[in-house]
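Taking it in order: structure first as structure tokens, then the write-up.
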Amino acid sequence: MANVLLVSEGKLKAFTNVNKNVDIDAIRAELSVAQDLHLQPLLGTKFYKHLLSQVSATGNTFNSDELELVNEYISPFLINVSYFEMIPSIHYRTMNRGIVQGEMESATSVDTETMKYLRGIQKQRSDFYKQRLQDYLITGEGQNKFPDYLSYSTLDGMIPDKSSKYNSPIVLNHTTRYGYSKRGYPGRGGFGNMPSYSEIESSNPDCYDCY
């Protein structure tokens, strides 16, 4: 399953500004890295391996729920996070004479600071699609649809990461992406008897350090 990709090289080129002439082997390598480093922790090793096992050289055997998950949520995330991972390897290439900048002699590469700036933009995009995927699986229409995402143990490998990572750069004290922090509510330091309900905590109870 090490060579199985959930997104094709052609699709990455079609939905990013990666030039059609970029080496397909370089794209394939970064797609594989992005799947292992970024997608596997989100889904957990058990569910991740299950999805990879459904793909073969002749097509896939996804059920309708899995097909929607892969096409509508996993693919946009993988495309953007793979491009994020690709930017340094496109900027600097390892050749037989060492690490060189750029690929064509006539081309002018951007400086390192510009590369970091572009990578920062791509990181924000990939973080958005990452949170969108998590929301779908945890509190959205995808909850309770995928047994391998809901049932797992550390013996399976990585467990699904269900913590929120996408937040605005503007910090508001005692708030989260889901609303006001529960730290001031009963059981978290308390102020009065204000009742509260949280979809994320309903799906993942007893997580007292997740604000």
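- Side chain of Q134 to main chain of D161: a donor-acceptor pair is present (N/O by atom type, distance under 3.5 Å, no hydrogens or angles).
- A side-chain donor-acceptor contact under 3.5 Å links Q35 to the backbone of V4.
- Side-chain heavy atoms closer than 4.5 Å link hydrophobic residues (I, L, V, M, F, W, Y) into clusters, and following such links, even through other members, never connects I24 to M86.
- No more than 12 heavy atoms of other residues, nucleotides or ligands shown are found within 6.0 angstrom of NZ on K123.
- Side-chain atoms of S82 come within 3.5 Å of backbone atoms of L78 as a donor-acceptor pair (strictly under, hydrogens ignored).
- Here the side chains of S75 and L6 are not in contact, with every heavy-atom distance at 4.5 Å or above.
- Residues D36 and Y48 bring a donor and an acceptor atom of their side chains to less than 3.5 Å of each other.
- Aromatic pair F146/F47: ring centres closer than 6.0 Å.
- Heavy-atom neighbours of Y129 OH from other residues, nucleotides or ligands within 6.0 Å: at or below the threshold of 12.
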**Asked** Hey, mind stepping through D135 and Q131 against side chain to side chain donor-acceptor pair (under 3.5 Å) and telling me if it holds?
**Response** CA-CA 6 Å; D135 288 350; Q131 191 65 61; 3.2 Å; yes
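- The line from CD of Q40 to CG of L52 is 8.5 Å long, rounded to the nearest 0.5 Å.
- Tracing side-chain contacts under 4.5 Å through hydrophobic residues (I, L, V, M, F, W, Y), one never reaches V33 starting from Y83; they form parts of separate clusters.
- The nearest pair of heavy atoms linking T61 to E66 is O-OE1, 4.5 Å.
- The backbone N or O of S153 lies less than 3.5 Å from a partner atom in the side chain of D156, making a donor-acceptor pair.
- Considering every non-hydrogen atom in both N144 and L150, the closest pair reads CA-CD1, 3.4 Å.
- Here the side chain of Q54 pairs no donor or acceptor atom with the backbone of L51 at under 3.5 angstrom.
- Interatomic distance, K46 NZ to L155 CG, rounded to the nearest 0.5 Å: 10.5 Å.
- Here CD1 of I27 is found 4.5 Å from NZ of K13. Values are rounded to the nearest 0.5 Å.
- Side-chain N or O atoms of T45 include one that pairs as donor or acceptor with a backbone N or O of M158 at under 3.5 Å.
- Residues passing the side-chain hydrogen bond (donor to acceptor under 3.5 Å, both in side chains) test with R28 are E9, D25, sequence neighbours excluded.
- Cation-pi check for K162 over Y149 is met; the charged atom lies under 6.0 angstrom from the ring centroid and within 45 degrees of its normal.
- The nearest pair of heavy atoms linking L42 to L133 is CD1-CD2, 3.9 Å.
- With contacts defined as side-chain heavy-atom distances shorter than 4.5 Å, the pair E85/R119 qualifies.
- Considering all non-hydrogen atoms of both residues, N63 and D65 come closest at OD1-N, 3.0 Å.
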**Message:** side-chain contact (heavy atoms from CB on, under 4.5 Å) for L5 and V55? Distances and angles first, verdict last.
**Reply:** CA-CA 8 Å; L5 298 177; V55 181; over 6 Å; no
**Asked** Is there a side-chain contact (heavy atoms from CB on, under 4.5 Å) between D148 and L43 once you walk through the steps?
**Response** CA-CA 9 Å; D148 288 333; L43 302 181; over 6 Å; no
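- The side-chain heavy atoms of Q122 and Y117, taken from C-beta on, include no pair separated by under 4.5 Å.
- With rounding to the nearest 0.5 Å, the separation of CG in L137 from CG in L69 is 5.5 Å.
- Counting only heavy atoms from C-beta outward, the side chains of F77 and R125 never approach each other to under 4.5 Å.
- With sequence neighbours left out, the ring-ring contact (aromatic ring centres under 6.0 Å, His included) criterion links F84 to no other residue.
- With hydrogens and angles ignored, the 3.5 Å screen pairs no side-chain donor or acceptor of S126 with any backbone N or O of N80.
- With a 4.5 Å cut-off on side-chain heavy atoms, L37 and V81 do not count as touching.
- Atom CD of E68 sits about 13.0 Å away from atom CZ of F62, to the nearest 0.5 Å.
- The minimum heavy-atom distance linking M115 with P88 is given by the pair SD-CA, 3.9 Å.
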